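Report on the following structure.
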Amino acid sequence: ENGSAAAIPIDPRFDIAYVTPVTIGTPPQTLYLDFDTGSSDLWVFSSHTPESQVRGQRIYSPEKSSTAKLLAGHTWSILYGDGSGSLGNVYTDNFTVGGVTVTSQAVQTAQQVSYSFTSQSEIHGLVGLGFSTLNTVFPNGQLTFFDNAKSTLDSPVFTADLKWKKEGTYDFGFIDETKYTGEITYLPVQTDPGYWTFTSSGYAVGDGAFHPASIVGIADTGTSLTYLPAEVVTSYWGQVDGAVDSDYYGGYVFPCSSKLPSFTFGVGPANITIPASYINYAQITEGSPVCFGGLQSSSWLGVNIWGDVALKAAFVVFNGANPPTIGWAKK
Ligand SMILES: CC(C)C[C@H](NC(=O)C[C@H](O)[C@H](CC1CCCCC1)NC(=O)CC[C@H](O)[C@H](Cc1ccccc1)NC(=O)OC(C)(C)C)C(=O)O
């Protein structure tokens with residue numbers, strides 16, 4: 001069966017992350033999880049998480065689920081790009097998203113979470129939608145929800161229709177033609193080491209000339225901003241009055257009153273344009289005249305990341321067929 005679930009921004013002021021309701025166990029326990037194409041662990045705040053590390057998050061209690069089974073001898077430990085992390089043990093249980101059910105999904109229960117997770121009450125865990133090779137469970141890696149669900153879906157795909165400061169959707173098993181305009185351009189995916197890695201064909205700043213280039217990067221719903229090569233972001237921010245790459249603020253900042261150009265990136269023969277408003281990401285602090293850019297340099301990262309700032313400008317198809325591809329359409 002196919003399914004559809006909401007992608008809800010956790011903060012009404014800026015799109016730092018999106019969460020999606022899921023149910024786990026019998027009777028069903030509802031949690032709101034961050035669907036993350038940039039990792040492949042499904043982990044949740046749980047009854048095994050020390051109370052001192054839980055601050056308002058909903059938790060999954062396997063002991064209250066008649067279908068929960070401990071995956072004996074299995075543990076996990078994950079560290080994300082932003083330095084946050086978590087670790088714990090593993091159960092299998094029924095897991096449902098938007099009507100799609102996997103009956104024995106590996107659900108990783110947190111026994112430790114880092115402070116940034118404790119302080120983020122709206123995120124009750126993650127659903128990794130990267131390739132299962134990235135799963136951290138030891139000694140046997142576990143399959144993602146998508147890999148487990150694939151065979152029951154009409155088509156082995158999920159789509160992301162993230163929106164700017166609004167609720168979007170993740171669809172599983174089908175492509176909703178009402179969610180995009182024109183054609184979907186499909187690109188090859190490099191599945192090693194396990195991200196949705198593709199090559200963009202170039203970029204343009206505002207109405208300027210298109211610069212053909214091969215920009216290898218990952219499509220990552222779990223990363224808020226978009227991180228691209230220094231020469232790309234330098235040419236973008238060079239068009240913005242007062243923009244500076246600030247060590248103090250950790251990236252490009254600009255006067256909130258400055259006018260920003262849009263940013264266009266190539267997807268094969270087609271392209272996607274990110275509106276200027278998406279790149280005017282947020283004031284440094286409430287009421288500040290200094291704003292933080294949604295387009296930042298990837299030079300310190302070692303990888304280019306097409307995060308939410310780019311993804312919400314498009315309708316994106318994550319095609320899990322063999323070989324996998326990624327599809328991009330305007331909307
Ligand atoms: C362990 C590996 C197998 C996979 C692992 N994958 C990643 O690190 C990428 C992955 O998409 C992870 C997934 C995120 C981890 C932290 C919680 C939210 C999800 N992305 C990340 O690690 C990137 C971190 C995000 O960009 C943060 C997220 C965030 C959300 C809410 C509040 C504060 C911060 N945004 C964020 O910092 O936004 C600012 C810059 C505006 C403040 C890796 O590559 O190391």
Side-chain angles (χ1 to χ4, degrees), residues 7-20 31-45 55-57 76-88 108 110 113-138 141-142 144 160 162 164-165 191-197 217-228 233 245-246 249-253 278-286 288 290-298 300-312 318:
I8 306 157
I10 63 169
D11 188 312
R13 297 164 299 171
F14 39 81
D15 300 330
I16 194 158
Y18 298 83
V19 288
T20 297
L31 278 70
Y32 285 77
L33 307 180
D34 186 341
F35 280 39
D36 175 26
T37 57
S39 68
S40 305
D41 281 42
L42 194 169
W43 73 265
V44 292
F45 275 77
R55 196 170 299 167
Q57 291 83 2
W76 59 280
S77 171
I78 196 163
L79 179 62
Y80 296 105
D82 73 347
S84 62
S86 49
L87 63 88
Q108 299 167 219
V113 300
S114 62
Y115 181 70
S116 63
F117 281 115
T118 297
S119 65
Q120 193 61 51
S121 62
E122 311 293 327
I123 297 178
H124 309 152
L126 267 69
V127 175
L129 293 172
F131 293 89
S132 294
T133 43
L134 286 178
N135 182 265
T136 73
V137 173
F138 177 84
Q142 301 301 303
T144 64
L162 299 179
W164 183 58
K165 302 188 183 181
T191 58
D192 175 27
Y195 303 104
W196 290 86
T197 304
I218 70 170
D220 183 2
T221 55
T223 288
S224 317
L225 308 184
T226 286
Y227 299 86
L228 295 175
V233 295
D245 189 1
S246 156
Y249 289 116
Y252 282 93
V253 296
Y278 295 13
I279 303 173
N280 184 340
Y281 181 70
Q283 296 171 347
I284 292 297
T285 49
E286 201 67 41
S288 164
V290 180
C291 278
F292 198 75
L295 203 49
Q296 297 292 344
S297 172
S298 63
W300 55 284
L301 277 175
V303 62
N304 297 307
I305 304 177
W306 303 91
D308 298 334
V309 162
L311 298 173
K312 68 183 109 166
F318 294 85

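Heads up: numbering here begins at 1 and tracks the sequence. One-based numbering, in listed order, for ligands and for the atoms of each. Owing to the predicted nature of the structure, the values given are computational and were not obtained by experimental measurement.
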Restricting to heavy atoms, the pick from Asp34, Ile305, Thr221, Asp82 nearest atom 19 (C) of ligand 1 would be Asp34

With heavy atoms of Asp220 as the reference, note each atom of ligand 1 found under 4.0 Å away. 9 (C), 10 (C), 11 (O)

Would you check if Thr221 and Leu129 make a side-chain contact, meaning some heavy-atom pair closer than 4.5 Å? no

For ligand 1 and Thr136, I'd like to know whether there is a polar contact (N/O to N/O, distance under 3.5 Å). no

So Gln108 and Thr136, side-chain contact (heavy atoms from CB on, under 4.5 Å) or not? Walk me through it. CA-CA 10 Å; Gln108 299 167 219; Thr136 73; 4.3 Å; yes

Please identify which atoms of ligand 1 are closer than 4.0 Å to at least one heavy atom of Tyr195. 43 (C), 44 (O)

Any side-chain heavy atom of Ser224 within less than 4.5 Å of one from Tyr281? yes

Name the option, out of Asp36, Ile16, Ile10, that contains the heavy atom nearest to atom 39 (C) of ligand 1. Ile16

of all protein heavy atoms, closest to atom 6 (N) of ligand 1 is Gly38 O, 2.9 Å

Looking only at side-chain N and O atoms, does Ser84 offer a donor or acceptor that is under 3.5 Å from a partner on Asp82? yes

Run the side-chain contact (heavy atoms from CB on, under 4.5 Å) test on Asn135 and Asp41 for me, step by step, so that the C-alpha distance in whole Å, both residues' side-chain angles and the decisive distance to 0.1 Å come before the verdict. CA-CA 5 Å; Asn135 182 265; Asp41 281 42; 3.4 Å; yes

Of all the atoms in ligand 1, which lie at a distance below 4.0 Å from a heavy atom belonging to Thr223? 11 (O), 20 (N), 21 (C), 23 (C), 26 (O)

Where is the nearest protein heavy atom to atom 3 (C) of ligand 1: which residue, which atom, and how far? Leu134 O, 3.7 Å

At what distance is the nearest protein heavy atom to atom 32 (C) of ligand 1, and which residue and atom is it? Gln120 OE1, 3.3 Å

Suppose I only count heavy atoms of Leu79 and a 4.0 Å limit; which atoms of ligand 1 are within that range? 1 (C), 45 (O)

If we only count heavy atoms from C-beta on, is the Ser86 to Trp76 side-chain gap below 4.5 Å? yes

Best match, Ser114, Gly307, Gly81, Gly130: closest heavy atom to atom 8 (O) of ligand 1: Gly81

Out of Ser84, Gly128, Gly250, Gly222, who is nearest to atom 25 (C) of ligand 1 when you count heavy atoms only? Gly222

Which protein heavy atom lies closest to atom 35 (N) of ligand 1, and at what distance to 0.1 Å? Ser224 OG, 2.8 Å

Relative to the ring of Tyr278, is the ring of Trp164 parallel (under 30°), tilted (30 to 60°) or perpendicular (over 60°)? parallel

Would you please test Leu225 and Phe292 for side-chain contact (heavy atoms from CB on, under 4.5 Å) and show each step? CA-CA 10 Å; Leu225 308 184; Phe292 198 75; 3.7 Å; yes

Contacting atoms of ligand 1, where contact means under 4.0 angstrom from a heavy atom of Ile78: 1 (C)

Check side-chain hydrogen bond (donor to acceptor under 3.5 Å, both in side chains) between Tyr32 and all other residues, then give those that pass, not counting sequence neighbours. none

Closer than 4.0 Å: a protein non-hydrogen atom to atom 37 (O) of ligand 1: no

Side chain or backbone of Tyr281 under 4.0 Å from ligand 1, or both, or neither, by non-hydrogen atoms? side chain

Are Tyr115 and Arg55 close enough, and set up right, to give a side-chain contact (heavy atoms from CB on, under 4.5 Å), and what steps lead you there? CA-CA 10 Å; Tyr115 181 70; Arg55 196 170 299 167; 3.2 Å; yes

Going by heavy-atom distance to atom 17 (C) of ligand 1, choose the closest among Phe14, Phe117, Tyr80. Phe117

So, do Asp220 and Thr37 sit near enough that their side-chain heavy atoms are less than 4.5 Å apart? yes

